[in-house]
Amino acid sequence: MCGRFAFFQEIEPLLDDIGALDRADPHLATRYNIPPTTPIYVVTEAVERDTSTLTRAVRTAHWGLVPRFAKDLSFSAKTFNARRETLIEKPSFRGSLSRYRALVPMNGYYEWQSGPNGKIPYHLHDPHAPLLYAAGLVSWWKDPARPEAEWLLTATIMTKAAEGHLERIHSRMPVFLNPEGRETWLGFESFATGNDAHTWINGSEGQLPAQALEVYRVGDDVGNVTNEVAHLIDRQHPTPA
């Protein structure tokens with residue numbers, strides 16, 4: 001799974017890397033400890049309603065996908081991750097597969113390994129690239145109890161069974177995409193149907209291999225979501241053999 005991650009760089013390199021416009025909240029600060037149900041950056045490609053042009057943009061989204069049928073925002077507490085294997089079976093995610101796909105950029109994420117003395121936190125990142133891009137889905141939601149409310153963009157991060165050396169840390173991991181995979185997943189016309197998108201994301205094409213990720217032990221402070229400092233990603237101990 002992916003229940004905590006970090007994004008701690010300026011947004012300009014992200015815009016250049018992915019070739020996107022900046023439509024994000026300018027007040028969204030650098031963060032080293034991002035929990036679910038908080039604002040995150042997402043990359044989307046969609047037809048603008050006003051101009052009918054296809055636009056790729058970095059936007060701000062609520063982390064936890066809320067489908068249009070949801071009655072309130074609390075729904076997002078259980079939809080911040082989406083298992084790729086069952087996407088097409090889940091009404092919450094199925095509607096986004098055909099046209100509302102996204103990328104979630106991050107510098108790295110955290111995972112906890114169960115041990116005899118409690119859970120041990122680790123940081124996972126790509127030592128050869130500043131950013132990881134997880135496959136995601138988005139959905140626009142409006143509070144039915146507040147007709148005057150604005151539409152809210154919400155998002156989920158795709159997960160799959162952990163692979164390779166990551167299996168020892170946790171049973172699940174995000175679905176990270178390589179440059180070719182990012183273009184395919186974001187592409188507005190990449191898939192004719194949601195079923196096609198589901199089939200593609202459940203394969204291996206376009207995905208970053210697990211061996212590209214480095215895992216190392218970090219301090220217990222990351223377990224408290226109120227802790228938000230750079231030392232959270234500092235190495236504490238060597239990676240277990």
Side-chain angles (χ1 to χ4, degrees), residues 1-7 32-37 40 42 63-65 77-90 92-93 96-97 101-137 155-182 184-185 197-220 222-223 225 232-241:
M1 66 180 292
C2 179
R4 205 81 61 79
F5 70 91
F7 186 97
Y32 287 85
N33 198 6
I34 303 172
T37 72
I40 61 172
V42 297
W63 186 15
L65 189 142
K78 57 186 178 182
T79 53
F80 58 90
N81 283 166
R83 288 175 172 256
R84 70 173 185 173
E85 299 91 340
T86 57
L87 288 173
I88 207 70
E89 304 167 14
K90 304 292 185 180
S92 300
F93 305 127
S96 294
L97 270 171
R101 299 180 300 277
L103 301 174
V104 179
M106 62 184 75
N107 293 100
Y109 73 104
Y110 303 99
E111 199 56 84
W112 280 259
Q113 180 187 48
S114 297
N117 299 315
K119 293 187 175 182
I120 303 169
Y122 291 89
H123 182 65
L124 300 90
H125 75 129
D126 184 345
H128 303 294
L131 281 173
L132 292 165
Y133 292 89
L137 298 172
T156 189
I157 294 175
M158 206 88 61
T159 70
K160 63 181 180 180
E163 301 168 351
H165 65 297
L166 304 187
E167 293 183 73
R168 69 171 71 116
I169 303 298
H170 195 276
S171 61
R172 306 290 296 180
M173 63 177 288
V175 179
F176 290 119
L177 301 177
N178 62 29
E180 293 75 20
R182 299 197 300 257
T184 300
W185 186 245
H198 180 257
T199 298
W200 187 85
I201 201 63
N202 274 279
S204 59
E205 180 184 349
Q207 296 181 23
L208 194 70
Q211 57 263 36
L213 299 181
E214 180 188 30
V215 184
Y216 62 86
R217 172 81 156 86
V218 293
D220 293 333
V222 72
V225 296
L232 293 178
I233 64 170
D234 290 349
R235 297 171 186 265
Q236 298 297 309
H237 298 291
T239 301

* To do: Applying salt bridge (Lys or Arg N to Asp or Glu O under 4.0 Å), name anything that partners Arg172, two or more places apart in sequence or on another chain.
  =>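 Once residues adjacent in sequence are excluded, the partners of Arg172 under the salt bridge (Lys or Arg N to Asp or Glu O under 4.0 Å) criterion are Glu85.
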Closest approach of [X] and [Y], non-hydrogen atoms and distance?
{"X": "Ala135", "Y": "Leu177", "answer": "CB-CD1, 4.0 Å"}
{"X": "Asp234", "Y": "Val218", "answer": "O-CG1, 3.5 Å"}
{"X": "Pro174", "Y": "Ala134", "answer": "CB-CB, 4.3 Å"}
{"X": "Pro105", "Y": "Val42", "answer": "CD-CA, 4.2 Å"}
{"X": "Gly64", "Y": "Thr79", "answer": "C-OG1, 3.6 Å"}
{"X": "Asp220", "Y": "Pro121", "answer": "OD1-CD, 3.5 Å"}

Reported [atom1]-to-[atom2] distance for the pair [X] and [Y], which is rounded to 0.5 angstrom:
{"X": "Ser92", "Y": "Leu87", "atom1": "OG", "atom2": "CG", "value": "11.0 Å"}
{"X": "Met158", "Y": "Arg101", "atom1": "CE", "atom2": "CZ", "value": "9.5 Å"}
{"X": "Met106", "Y": "Ile157", "atom1": "CE", "atom2": "CD1", "value": "4.0 Å"}
{"X": "Gln113", "Y": "Lys119", "atom1": "CD", "atom2": "NZ", "value": "11.0 Å"}
{"X": "Leu132", "Y": "Leu124", "atom1": "CG", "atom2": "CG", "value": "9.0 Å"}
{"X": "Ile88", "Y": "Thr199", "atom1": "CD1", "atom2": "OG1", "value": "8.0 Å"}

Answer yes or no: is there a donor N or O on one side and an acceptor on the other, between the side chain of [X] and the main chain of [Y], under 3.5 Å?
{"X": "Glu205", "Y": "Trp200", "value": "no"}
{"X": "Trp185", "Y": "Ala102", "value": "yes"}
{"X": "Asn107", "Y": "His125", "value": "no"}
{"X": "Gln207", "Y": "Ile201", "value": "yes"}
{"X": "Thr156", "Y": "Leu65", "value": "no"}

* Asked: Can you find a pair of side-chain heavy atoms, one from Leu166 and one from Tyr122, that are under 4.5 Å apart?
  -> no
* Asked: If we ignore angles and hydrogens, is there a donor and acceptor under 3.5 Å between the side chains of Gln211 and His165?
  ->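 No - no donor-acceptor pair under 3.5 Å links their side chains.
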* For the pair Tyr109 and Ile34, evaluate side-chain contact (heavy atoms from CB on, under 4.5 Å) and give the outcome as yes or no after the intermediate values. => CA-CA 9 Å; Tyr109 73 104; Ile34 303 172; over 6 Å; no
* Under 30°, 30 to 60°, or over 60°: which ring-plane class applies to Phe80 and Trp63, parallel, tilted or perpendicular? ->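 It falls in the perpendicular class, over 60°.
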* Asked: Could Arg4 and Tyr110 be counted as a cation-pi pair, given that NZ or CZ must be under 6.0 Å from the ring centre and within 45° of the axis?
  ->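 Output no; distance or angle outside limits.
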* Could you please spell out the steps behind the side-chain contact (heavy atoms from CB on, under 4.5 Å) verdict for Arg83 and Asn81? => CA-CA 7 Å; Arg83 288 175 172 256; Asn81 283 166; over 6 Å; no
* To do: Report, as yes or no, whether the 6.0 Å neighbourhood of atom CZ on Arg84 holds more than 12 heavy atoms from other residues, nucleotides or ligands.
  => yes
* Asked: Run the side-chain contact (heavy atoms from CB on, under 4.5 Å) check on Phe5 and Val104 step by step: do they pass?
  -> CA-CA 10 Å; Phe5 70 91; Val104 179; 4.1 Å; yes
* Run the side-chain contact (heavy atoms from CB on, under 4.5 Å) check on Val215 and Arg168 step by step: do they pass? -> CA-CA 11 Å; Val215 184; Arg168 69 171 71 116; over 6 Å; no
